[in-house]
Amino acid sequence: MGFRFRKSVNLGGGVRLTAGKKGVGISAGTKGLRVSHGADGKTRVTASIPGTGISYQETIGSKAKAPKQEQKLQQKPPVSSNYQFKGIVRNKVVDGERQSLSVLLGQLCTVYINNGEINIISDNSELGGDILPYHLNQIKPEKNVRDRGFWIFKYKEVELKLTLETDSGWQTVYTLIVNEQVADQFMEWFERVKK
């Protein structure tokens, strides 16, 4: 057991000064309502019904800080600058001209983004693909959902448009058909990695 020390001095007018092992605190009020500022730096309001033993206490003016360990857990892990997803290349436009002869059109491709460089490679290994040295700040993605089909054969088609623009103004636009979940995950990743 350790030693404890506590001394309370009534200063009059309902003001009391209390000295203890941790420091000095002050309180003011009457029976039933008291405001105190403790040695721990917290201000408390206590309301009670005299003679009943019933009381209510609330700490005001301070927000409890989460322990350092909890704060570390709440931080999001760093976002990797590498990402990949699959889609079908519907359209490819270079500086306003549609590339109708592109081997990638209509092909299932994998889009690789590696440290800011984007590669669009056909899953058919014989066709190869495009390797484009763009940085993430030169890529502008856009998601579009379109209604397709007729009568009872209606469905939604999700387009992910990647506009790639160099500092000198050259522009390449890929329109990919993707799963909506793939598009949403890519857009979320892109927003996080750009921050």
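These values consider heavy atoms only, across backbone and side chains, with no hydrogens, waters or symmetry-generated copies.
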Exercise. Excluding sequence neighbours, so at least two apart, what forms salt bridge (Lys or Arg N to Asp or Glu O under 4.0 Å) with Asp95?
Worked result: none
Closest approach of [X] to [Y] (non-hydrogen atoms, all atoms of both residues):
| X | Y | result |
| --- | --- | --- |
| Ile120 | Leu104 | O-CD1, 3.9 Å |
| Pro141 | Met187 | CB-SD, 3.7 Å |
| Phe190 | Leu136 | CZ-O, 3.6 Å |
| Gln138 | Pro133 | OE1-O, 4.4 Å |
| Gln181 | Asn179 | N-OD1, 2.7 Å |
| Val158 | Ala183 | CG1-CB, 3.9 Å |

For this session: Assess whether side-chain contact (heavy atoms from CB on, under 4.5 Å) is satisfied between Leu160 and Tyr174, documenting all intermediate values.
Result: CA-CA 8 Å; Leu160 184 61; Tyr174 281 92; over 6 Å; no
Exercise. When clusters are formed from ILVMFWY side-chain contacts under 4.5 Å, directly or step by step, what else is grouped with Tyr112?
Worked result: Ile121, Ile131
Exercise. Tracing side-chain links under 4.5 Å among I, L, V, M, F, W and Y, which residues wind up in one group with Tyr155?
Worked result: none
Salt bridge (charged side-chain N to carboxylate O under 4.0 Å, His left out) partners of [range], not counting sequence neighbours, each pair once:
| range | result |
| --- | --- |
| residues 107-116 | none |
| residues 182-191 | Lys143-Asp184 |
| residues 161-174 | none |
| residues 102-119 | none |

Answer yes or no: is there a side-chain heavy-atom contact under 4.5 Å between [X] and [Y]?
| X | Y | answer |
| --- | --- | --- |
| Leu127 | Gln107 | yes |
| Phe186 | Ile113 | yes |
| Val111 | Leu176 | yes |
| Ile118 | Leu162 | yes |

Problem set entry | Shared hydrophobic cluster for Leu101 and Val94 (ILVMFWY, side-chain gaps under 4.5 Å) | no
Problem set entry | In one Ile/Leu/Val/Met/Phe/Trp/Tyr side-chain cluster, 4.5 Å: Leu164, Leu105 | yes
Exercise. Just by distance, do the side chain of Ser122 and the backbone of Asn124 share a donor-acceptor pair under 3.5 Å?
Worked result: yes
Exercise. Is there a donor-acceptor pair closer than 3.5 Å between any side-chain N or O of Trp189 and the backbone N or O of Ser80?
Worked result: yes
Set of residues satisfying side-chain hydrogen bond (donor to acceptor under 3.5 Å, both in side chains) with respect to [X], sequence neighbours excluded:
| X | value |
| --- | --- |
| Glu58 | Tyr56 |
| Arg44 | Asp40 |
| Lys156 | Asp147 |
| Gln99 | none |

For this session: Assess whether side-chain contact (heavy atoms from CB on, under 4.5 Å) is satisfied between Thr163 and Glu142, documenting all intermediate values.
Result: CA-CA 8 Å; Thr163 302; Glu142 180 185 333; 5.7 Å; no
Show me the donor-acceptor pairs, under 3.5 Å and distance only, between side chains in residues 85-93 and residues at least two apart or in other chains.
unit_1: Lys86; atom_1: NZ; unit_2: Thr110; atom_2: OG1; d: 2.9
unit_1: Lys86; atom_1: NZ; unit_2: Asp123; atom_2: OD2; d: 2.8
unit_1: Arg90; atom_1: NH1; unit_2: Glu157; atom_2: OE1; d: 2.6
unit_1: Arg90; atom_1: NH1; unit_2: Glu159; atom_2: OE2; d: 3.0
unit_1: Arg90; atom_1: NH2; unit_2: Glu157; atom_2: OE1; d: 3.0
unit_1: Arg90; atom_1: NH2; unit_2: Glu157; atom_2: OE2; d: 3.1
unit_1: Asn91; atom_1: OD1; unit_2: Arg98; atom_2: NE; d: 2.9
unit_1: Lys92; atom_1: NZ; unit_2: Asp130; atom_2: OD2; d: 2.7

Exercise. Taking atom OG of Ser36 and atom NZ of Lys42, what is their separation to the nearest 0.5 Å?
Worked result: 12.0 Å
